[in-house]
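Throughout, numbering of the chain's residues begins at 1 and tracks the sequence. Quantities reported herein were computed from a predicted structural model and do not represent experimental measurements.
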Amino acid sequence: MSALLRMGADIELSNIGENEYGEPYADIKASSSHLKGISLEPEEIPSMIDEVPLIAAAGAFAEGVTSVRGAQELRIKESDRIKATVGGFSALGAGICEKEDGFEITGSPLKGGFADSYGDHRIAMALAAAASASDGCSHIRGMECASISYPEFKETLNSLSK
């Protein structure tokens, strides 16, 4: 969350706690805000390895360039998350460039398109959230994998557009 706050995101947390496995939880209230691109440094990556696709989604709409470096570990997860993130956001019309250890994404309106989640629930949700704010129609292949971590994701996302 600290990276999103640095980008200028208007986020409030309430009902903060920890589950029985020691993982934090909270109710999150996010409001529309003007985001600015940031650079994620290699030392930040280990604490946010699962959030990198979300940073790409925010970077797609931020002013300027958002850079993620030192994330080569993402290449050996459920999928090559760097390649999958770059491919997915590129398919939606983002100005994104793959690097050996990350990517750079330049904020601009997304056109929409057909993107692939590569079966990774993090990437599926990040792409779907970004696609919902794109200028065109989009389809994310493999969206059903989002239910792994957020069974109600589709319903929640659909409720936000009403």
Side-chain angles (χ1 to χ4, degrees), residues 1-71 73-74 77-78 81-82 84-86 88-89 92-96 102-112 115 117 120-136 138 140 142-162:
M1 188 167 98
S2 64
L4 291 172
L5 292 173
R6 283 188 6 237
M7 293 178 88
D10 182 3
I11 301 172
E12 295 176 32
L13 300 180
S14 60
N15 300 319
I16 300 168
E18 254 184 34
N19 67 17
E20 63 271 18
Y21 304 106
E23 296 196 13
Y25 64 82
D27 292 335
I28 302 170
K29 179 182 176 188
S31 300
S32 178
S33 43
H34 182 80
L35 301 177
K36 295 186 187 240
I38 62 168
S39 292
L40 286 182
E41 300 303 324
E43 59 271 9
E44 295 178 90
I45 298 301
S47 68
M48 56 185 309
I49 205 89
D50 292 333
E51 289 80 14
V52 170
L54 173 64
I55 296 302
F61 296 97
E63 179 183 319
V65 175
T66 298
S67 173
V68 174
R69 303 307 294 261
E73 180 183 339
L74 292 175
K77 295 295 182 184
E78 292 90 341
R81 279 192 213 155
I82 293 173
T85 298
V86 170
F89 280 93
L92 296 179
I96 188 166
F103 57 84
E104 289 182 352
I105 186 164
T106 302
S108 64
L110 297 181
K111 301 172 192 131
S117 71
D120 188 307
H121 56 112
R122 297 159 199 87
I123 293 170
M125 291 185 288
L127 289 171
S132 72
S134 73
D135 291 338
S138 298
I140 312 302
M143 261 319 294
E144 62 278 357
C145 70
S147 67
I148 292 169
S149 59
Y150 192 168
E152 305 86 16
F153 178 78
K154 183 178 178 183
E155 292 78 18
T156 301
L157 187 62
N158 287 339
S159 75
L160 296 174
S161 63
K162 293 181 180 178

- Message: Could you walk me through whether Cys145 and Asp120 satisfy the side-chain contact (heavy atoms from CB on, under 4.5 Å) test, starting with their C-alpha distance in whole Å, then the side-chain angles of each, then the deciding distance to 0.1 Å, before giving a yes or no?
- Response: CA-CA 7 Å; Cys145 70; Asp120 188 307; 5.6 Å; no
Could you report the tightest heavy-atom contact between [X] and [Y], atom names first, then the distance?
X      : Y      : result
Ile55  : Ala3   : CD1-CB, 3.8 Å
Ala128 : Phe153 : CB-CE2, 3.7 Å
Met125 : Ala146 : CG-CB, 3.7 Å
Ala62  : Gly37  : CB-N, 3.7 Å
Ala56  : Thr85  : CB-CG2, 3.6 Å
Ser33  : Ala9   : OG-CA, 3.4 Å

I'd like to check [X] versus [Y] (side-chain heavy atoms, cut-off strictly below 4.5 Å). Are they in contact?
X      : Y      : answer
Val65  : Ile105 : no
Leu92  : Ser138 : yes
Leu110 : Phe61  : yes

Gap separating the [atom1] atom of [X] from the [atom2] atom of [Y], nearest 0.5 angstrom:
X      : Y      : atom1 : atom2 : value
Ser31  : Ile11  : OG    : CD1   : 9.5 Å
Tyr150 : His121 : OH    : NE2   : 14.0 Å
Phe103 : Thr66  : CZ    : OG1   : 8.0 Å
Ser117 : Ile123 : OG    : CD1   : 7.5 Å
Leu127 : Phe89  : CG    : CZ    : 4.5 Å
Ile28  : Leu13  : CD1   : CG    : 6.0 Å

- Message: Assess the residue pair Glu63 and His34 against the criterion (side-chain contact (heavy atoms from CB on, under 4.5 Å)); give the C-alpha distance rounded to whole Å, side-chain angles, the decisive distance to 0.1 Å, and a yes or no.
- Response: CA-CA 8 Å; Glu63 179 183 319; His34 182 80; 2.7 Å; yes
- Query: Of Ile82, Ile38, Leu40, which meets side-chain contact (heavy atoms from CB on, under 4.5 Å) against Val68?
  - Reply: Leu40
- So, the side chain of Arg6 versus the backbone of Met1: is there a donor-acceptor pair under 3.5 Å, distance only? no
- Query: Is a salt bridge present between Arg122 and Asp50, judged by a nitrogen-to-oxygen distance below 4.0 Å?
  - Reply: yes
- Item | N-O pairing of Arg69 and Glu44 below 4.0 Å | no
